[in-house]
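Remarks on the structure that follows.
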Amino acid sequence: MSDRIRKTELRHRYSAGNQESFSEADRRIARYGCGLIGLADLILYLRERTWKEGGAGETGIHSGPVYDAFVRRMDHRLARARRKVGLNGFSMAAAFNSRARKRGWKLRARWGVPREKLLSSIREMLARDIPVILSVGPGFGRREHMKGTTLYRGDTPADCAFEHYVTVIGMEETGEKIWLRVMSWGREFRIDAEEYLRGVDRSIPLLGRFFSNILYIREI
């Protein structure tokens with residue numbers, strides 16, 4: 001008899017963009033824009049969910065010329081993805097707060113929560129129907145094995161993330177095992193939460209815990 005799975009998920013389907021779909025003319029976004037894409041998709045999800053209050057539904061498709069133009073405007077006006085460093089979490093929080101004030105959302109963001117509150121904060125945000133931007137930042141994992149955190153398809157390793165943002169769209173808990181359902185490069189993967197936390201614990205002191213964290217959004 002298998003253990004019962006406890007799921008905490010977004011209430012609507014989450015559509016994710018892919019930085020790698022940007023053309024040679026947008027090479028900076030294609031290479032360093034994972035945080036920018038995550039922030040753009042978060043804002044679009046929150047904007048689109050207001051159209052669907054009272055019922056489930058699918059958010060807009062996050063690809064094509066209109067979507068690309070939206071991402072470029074954000075990059076130009078709100079949240080610049082800089083060469084070699086991308087978009088840091090503190091700038092991401094400031095950009096989100098600027099947009100939230102403009103749209104009248106009673107939401108405010110900050111970068112980072114204590115390690116012991118990371119999973120409970122993710123669970124809380126998902127329960128409030130807010131996607132969670134999660135970073136695997138500089139200094140993650142052992143200094144001699146900087147390979148990042150494994151991205152799974154089912155139980156099979158499929159890729160890895162390092163110096164990269166993903167977006168958590170669901171959490172599945174079975175006994176002591178916790179999986180995070182995440183979107184990256186426009187595709188869905190899973191992260192073993194315990195593996196991720198071990199990587200944080202083995203990170204370069206301070207640097208790892210600062211930058212391997214979440215964009216925490218609270219209601220005001």
Side-chain angles (χ1 to χ4, degrees), residues 9-105 107-109 111 125-126 128-136 151 153 158-159 161 163-170 180-191 214-215 217:
E9 300 175 317
L10 299 176
R11 292 198 286 273
H12 306 294
R13 179 172 174 177
Y14 181 89
S15 296
N18 178 7
Q19 72 195 72
E20 295 178 341
S21 68
F22 280 79
S23 67
E24 184 68 21
D26 297 298
R27 189 174 182 183
R28 178 176 48 79
I29 293 176
R31 293 189 64 184
Y32 307 110
C34 57
L36 172 66
I37 296 294
L39 179 62
D41 290 341
L42 167 64
I43 289 171
L44 286 173
Y45 183 89
L46 294 176
R47 191 174 75 183
E48 291 163 351
R49 77 175 189 176
T50 64
W51 306 339
K52 304 176 185 300
E53 289 290 317
E58 181 177 333
T59 59
I61 296 173
H62 291 193
S63 62
V66 175
Y67 174 75
D68 291 355
F70 174 74
V71 171
R72 291 189 193 102
R73 285 197 304 274
M74 283 194 54
D75 178 63
H76 180 67
R77 301 175 184 175
L78 189 67
R80 188 74 167 173
R82 302 192 178 279
R83 293 185 184 278
K84 298 187 179 180
V85 296
L87 177 64
N88 71 68
F90 302 103
S91 296
M92 183 185 291
F96 177 88
N97 290 337
S98 175
R99 183 54 60 97
R101 292 186 187 97
K102 184 176 181 180
R103 298 197 67 88
W105 292 338
L107 299 170
R108 294 295 182 269
W111 180 255
M125 284 181 57
L126 292 173
R128 290 190 285 116
D129 196 26
I130 300 175
V132 186
I133 297 176
L134 172 75
S135 175
V136 186
L151 302 179
R153 288 287 182 87
D159 213 320
E163 294 189 351
H164 185 59
Y165 290 99
V166 300
T167 298
V168 185
I169 62 170
L180 303 178
R181 292 176 52 220
V182 304
M183 299 297 296
S184 179
W185 304 297
R187 305 189 300 277
E188 184 172 334
F189 299 93
R190 300 203 301 172
I191 287 176
I214 65 170
L215 183 71
I217 298 173

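These figures come from a predicted structure and were not determined experimentally.
Between the side chain of Gln19 and the backbone N or O of Cys34, at least one donor-acceptor pair lies under 3.5 Å. No donor-acceptor pair closer than 3.5 Å links the side chain of Arg28 to the backbone N or O of Gly33.
What you find for Tyr67 and Gly17 is that their closest heavy atoms are OH-CA, 3.4 Å. Closest of all the heavy-atom pairs between Ala93 and Ala109 is CB-O, 4.0 Å. Between His164 and Ser184, the closest heavy-atom pair is NE2-OG, 2.8 Å. Here the closest non-hydrogen pair linking Ala79 and Leu39 is CB-CD2, 3.7 Å. Of all heavy-atom pairs between Ala100 and Leu107, the closest is CB-O, 3.5 Å. Here the closest non-hydrogen pair linking Val168 and Leu126 is O-CD2, 3.6 Å.
Side-chain contact check for Arg108 versus Arg101: some heavy-atom pair is nearer than 4.5 Å. When side chains are defined from C-beta on, Trp185 counts as touching Leu151, because their heavy atoms get closer than 4.5 Å. Between Leu215 and Tyr165, the closest side-chain pair of non-hydrogen atoms is not below 4.5 Å.
Ring orientation note: the planes of Trp111 and Phe90 are nearly perpendicular, at an angle over 60° on the 30°/60° scale.
Distance CG/Asp26 to CZ/Arg31: 14.0 Å, rounded to 0.5 Å. In this structure, Glu48 CD and Ile43 CD1 are separated by 11.5 Å, a value rounded to the nearest 0.5 Å. The distance from atom CD1 of Ile37 to atom CD1 of Ile133, rounded to the nearest 0.5 Å, is 11.0 Å. Atom OH of Tyr14 and atom CG of Leu42 lie 6.5 Å apart (nearest 0.5 Å). Of the inter-residue distances, the one linking Ile214 atom CD1 with Thr167 atom OG1 reads 11.5 Å to the nearest 0.5 angstrom. Expressed to the nearest 0.5 Å, how far CZ of Arg99 lies from CE of Met74 amounts to 6.0 Å.
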* To do: Kindly determine whether Met183 and Asp41 satisfy side chain to side chain contact (heavy atoms under 4.5 Å, CB included), including the steps that lead there.
  => CA-CA 11 Å; Met183 299 297 296; Asp41 290 341; over 6 Å; no
* To do: Would you check, one step at a time, whether the test side chain to side chain contact (heavy atoms under 4.5 Å, CB included) holds for Tyr45 with Ile169?
  => CA-CA 11 Å; Tyr45 183 89; Ile169 62 170; over 6 Å; no
* To do: Test side chain to side chain contact (heavy atoms under 4.5 Å, CB included) on Leu46 and Arg103 and set out the steps.
  => CA-CA 10 Å; Leu46 294 176; Arg103 298 197 67 88; over 6 Å; no
* To do: Before giving the answer on side chain to side chain contact (heavy atoms under 4.5 Å, CB included), spell out for Val71 and Leu36 the whole-Å C-alpha distance, their side-chain angles and the decisive distance to 0.1 Å.
  => CA-CA 7 Å; Val71 171; Leu36 172 66; 3.6 Å; yes
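Geometrically, Arg47 engages Phe70 in a cation-pi contact defined by less than 6.0 Å to the ring centre and at most 45° from the axis. At least one test fails for Arg181 against the ring of Phe189: distance under 6.0 Å to the centre or angle within 45° of the axis.
In terms of the side chain to side chain contact (heavy atoms under 4.5 Å, CB included) criterion, Ala94 has no residue partners (sequence neighbours excluded). Annotation: side chain to side chain contact (heavy atoms under 4.5 Å, CB included) contacts of Ser91 (sequence neighbours excluded): Leu87, Asn88.
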